[in-house]
S.K.: 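Structure incoming, see below.
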Amino acid sequence: MKLIRKEDGAGGKYMMDFLRKHVISRFDSKAGEIALSELDDSSDFNGYAFTTDSYVVSPPVFPGGSIGSLAVCGTANDLAVMGAKPAVMSMSLIVQDGFSVETLDRILDDMAEWLEKIDAKIITGDTKVVEANIGIAVNTTGIGLRNEHLEKNLSIVREYRSYPYSWVRDRGLAEGDAVIITGNIAEHAAAIMASREGFGFELDVESDVYPVWLFLKNALETGGITAMKDPTRGGIAAALNEIAEKSGVGILIEEEKIPIRDDVKSFCDVLGLDPLMMANEGKVVMGVVADLAEEVLKALKKAGQKDAAIVGYATSEFREVVIETTIGTRKIMPPPTADPIPRVC
Amino acid sequence: MYRLTVKGIVQGVGFRPFVYRLAKSMGLKGYVKNTGDGTVEIIIDSRVDEFVERLRKEKPPIAVVESVRVEEVDLKPPEDFTIEKSGGSRKELSLPPPDVATCDACLNELFNPKDRRYLYSFISCTDCGPRFSVAVRLPYDRENTTFVDFPLCSECSKEYWDVEDRRYYAQSIACRQCGPDYELVLGNRIIRGLDGIIRAAELIDSGKIIAIKGLGGYHIACITDDEVVWNLRKILNRPQQPFAVMARDVEAVKRVAKLSSEEENEMLSYIRPITVLRKKDVNSFFAVAPDLDTIGIMLPYAPIHHILFRFLKADFIVLTSANMPGEPMFIDDGVFSLALDAVLRHNLVIANRVDDSVIKFVGNHRMIIRRSRGFVPKTFSLNVNINAIALGAELYNSIALLKDGKVVLSQYIGNTANFRTYNEFFKKAIDFFTSFLRMDRINAVICDAHPLYNTSRFAEKLAEDANSKLVRVQHHFAHGMSVMAERGIDRAVAIAVDGVGYGFDGTTWGGEVLLIDFENRRFERVGRLETLELLGGDLAVRFPLRVLFSAVYTEKGDYNILEPYSRYLRSGENFELFAKQIDEGLALAKASSAGRYLDACSAMLELCFERTYEGEPAMKLEACVKEGEPYYEPIISSEREEAIYPSPCITEGFEAKTSEVEVLRVKPVICDALERYLEGETKSTIAYQVIDYLACGLAEIAARAARKAKADVVMSGGVAFNSYLTPLVEKYLSEKEIRLFVNEEVAAGDNGISFGQIYISKFLEELA
Ligand SMILES: [Fe+3]
Ligand SMILES: [Mg+2]
Ligand SMILES: [Zn+2]
Ligand SMILES: [Zn+2]
């Protein structure tokens, strides 16, 4: 008998295979420009962007946030990286019998706080209490709106080349585009691991959970963004590989330009974790028309993303994501096969 | 009249001129010609038995006569003996010969002041010179090699067309007037020809580091003095990995290393491989081979080496391929990006990069560590009528191609995890060999079971594009099959010992006893080493103290005994954290790996705490052995787990069955040896005992399985190069009257794994 494996949901290569075989084979459908099978961050219908995501994380409250902040920011971010402004959401709670009400309140407070900051609303929801040993799971579904920042970005991109999409798509990267990472990587996963009970790592890092729309609108206003993903599960390795594969170009990254805090880096080094494969919850990986990359970078920094950096370029010399180390050797950055860290997000 | 059909390596090796001269000397009439299918056809009028005997005995050095078919034919005897034009269509594989070391006849001319090729660096003849490295396409004729850039002068042309000349039809023929030549780039000066070579020799003697373009790529050369070599290590970012040395002659070799007559023969063969020899004084050549009791030495093989040594004072020079670790050897100007003192280069294009081959005698076996120059592209027979290509694993890679019942194994490609090696060498080798062999249709693409290897991912694409069957062979089954393919056997018990390979259960394997039985279609993991926890996955491979720690902690439940090792921890690490990581199961990989077991022992004996090159901890462990006595008895437990597989490949809907697996415990031995070491037992004693334990344990498990299956035992994998392990396994098996076969024609390490993979072609229909 075939059973579901952990890897089938880990956001990597196995999950892709699993989805193609079992899901997309049944529902390869679309209502607007973007088909389910394209596996973009959101899909669209009638000019709206539309996405859904479920959240499970242990512990549910962690340094820098909670499953509540994840549930709002995560779904808002999947809309934002299409260029859509997050507008309304549904919320569905599945809570284990005996879960602390105090913790639940804290989680809901976090949700309310972030919704207010991004000017979005939860307008429908559902709650179930179950016996299963899950703690808490949250699902949010979100709808995003077209907006003047998106339109401006698209028109600027089209001054440089044809861009036949009405959203910022994973497949939009082209040869020569600069690749930007908007801030220090691996902090969400590192914070969760360091905070796990019994560990006592001396690492003072908080989750980076944050609604990226708050700075993306400035970057879009500057214009020139051709592709975007939020590097959550599987980290920037997964995001970059998806962009490269869907766009049909290679990406060359310089290792030393990847923004990461020293202490996070040595934390990963001591444990044997690869920060490139670790989850982020408030960062964006984007492609930008080369001529506009410095401008967009400036806009991001001005909007508070002071560690944002141009980390590499798209190339047609090869089709892989290749990372050049400080000593000049090059290696392929493969898409992760499975979550390298057990259930951090 | 008689018609002789000669099969073997008989084209492009000076075979026809040889036949011509032989027939003429015997006064025979008739002709010789190359047929389109790779054989040579000879017609003679008499004395056929004597002719065939001399044909076999006196053939050119690299020609291989597999068979001679004789039939009587009714033809009118011609007036004379002639060489006829090649004819027929090309059906069978006909590859260029391998590159051949300069022959004695050419050496005599090279150092004869009256000869017109006196000290000319591209002297060669029908019997020697560059072959594969200059071949662009088939057939192997001058216009299809990179020598096409050098039209023959009238004197060379005379030799080339003169049937009586020893350079008749030699494609690599050249002279100072018409051929390629060397020049030395020194700062912004260029010194051409012999003067440049003489200056290069002076520079090397004075302690400078220079690049030398050779037959198959660039080398870097310098004297073997410690100070110079440490400096070279800095430039190449190779802190510890041993460098190959070229010695002036056999006498020089004998002064510094123990040399058996078998080793001497290998070193002097036309392949001239780097031969790993035992140092006479362990402390000699320290910077060249730090903390090792062996040194890899080769003898001059190209005219440039002979000329250099004529002018060098030194009897030994470091001669290592010019590349950054993991990257392909430079074959063009890229070498200038290194901080070297000068570049000695020539203007002949290298069509195919070929590294120096490396061999080592392990017990009585000549084992190949790196199969490249001189070996490639010799073919192997595998009588299966499909076209297939096997892409190997990751490190030390090669590819294998099957066409017309013959397997061609590519040259050493190297570390395909490195992007340049993957992109500029691996992919190009595939293009080269598939077009060379005219593989218009590929029926099967074969790769490793590891989903993340670049080679596996490439295989997926290749299979899709070529619309061919994709076959993923489990790594250690492929190792075992590489010996089975050499022997042509279909049933064996395989001991596969290495560092890492992707197992059927998704964990890392590397210390396996497998039943590989195509006759009865049984594929079983009958035994394995106890699982070790790799703390931080690949990090534990790099820092072997982590493996030692997890072995001790998981066996004893505490780590107090490791206190003396805390000074070897890196900054940020502490044992408490290690313990927590194990308790939480955080970033842990599991491995049943002989390599990791030896790594842990190497750290235990304070021999190696950071692996800077493949196999370093285990090699340093081996180096500290002198001799010893067995001490540990095998501790074998039986565990019920998934172990019976429908095939050696991972297939769709794959289902394994459970069975009793014999597990050789290693943790108790690690813990006990650790205690004894801390109580004062010597390193060399313990090093021997832990290797002996592995040998007798694996032999015990393999022997039981071999008796049950009535099979011979084969052994392969990178750890099989261990000078003690393989002979000990052989000894323990022979005490039980069981035969052991190891790799002799291809590498036992991952350099030979593509050969094991391609063997699956023989069984694809049955397995389907
Ligand atoms: Fe291996
Ligand atoms: Mg997303
Ligand atoms: Zn010769
Ligand atoms: Zn000439």
S.K.: What residues form a ring-ring contact (aromatic ring centres under 6.0 Å, His included) with B:F543, not counting sequence neighbours?
M.R.: none
S.K.: Please set out all donor-acceptor pairs under 3.5 angstrom arising from side-chain atoms of residues 263-273 of chain A, sequence neighbours excluded.
M.R.:
unit_1	atom_1	unit_2	atom_2	d
A:D263	OD1	A:R261	NE	3.1
A:D263	OD2	A:R261	NH2	2.8
A:S266	OG	A:D262	O	3.2
A:S266	OG	A:D263	O	3.3
A:D269	OD2	B:R570	NH1	3.2

S.K.: Taking NZ, NE, NH1 and NH2 as the nitrogens, is one of them in B:R596 or B:D599 under 4.0 Å from a carboxylate oxygen of the other?
M.R.: yes
S.K.: So which residue, B:E573, B:R546, B:M324, B:R457, ends up with the most heavy-atom pairs under 4.5 Å with chain A?
M.R.: B:R546
S.K.: For A:R171, run the salt bridge (charged side-chain N to carboxylate O under 4.0 Å, His left out) check against A:E242, A:E38, A:E245 and tell me which one passes.
M.R.: A:E38
S.K.: For B:T421, is it the side chain, the backbone, both or neither that has a heavy atom under 4.5 Å from a heavy atom of chain A?
M.R.: neither
S.K.: Using non-hydrogen atoms and a 4.5 Å limit, figure out which bit of B:N454 sits close to chain A: side chain, backbone, both or neither.
M.R.: side chain
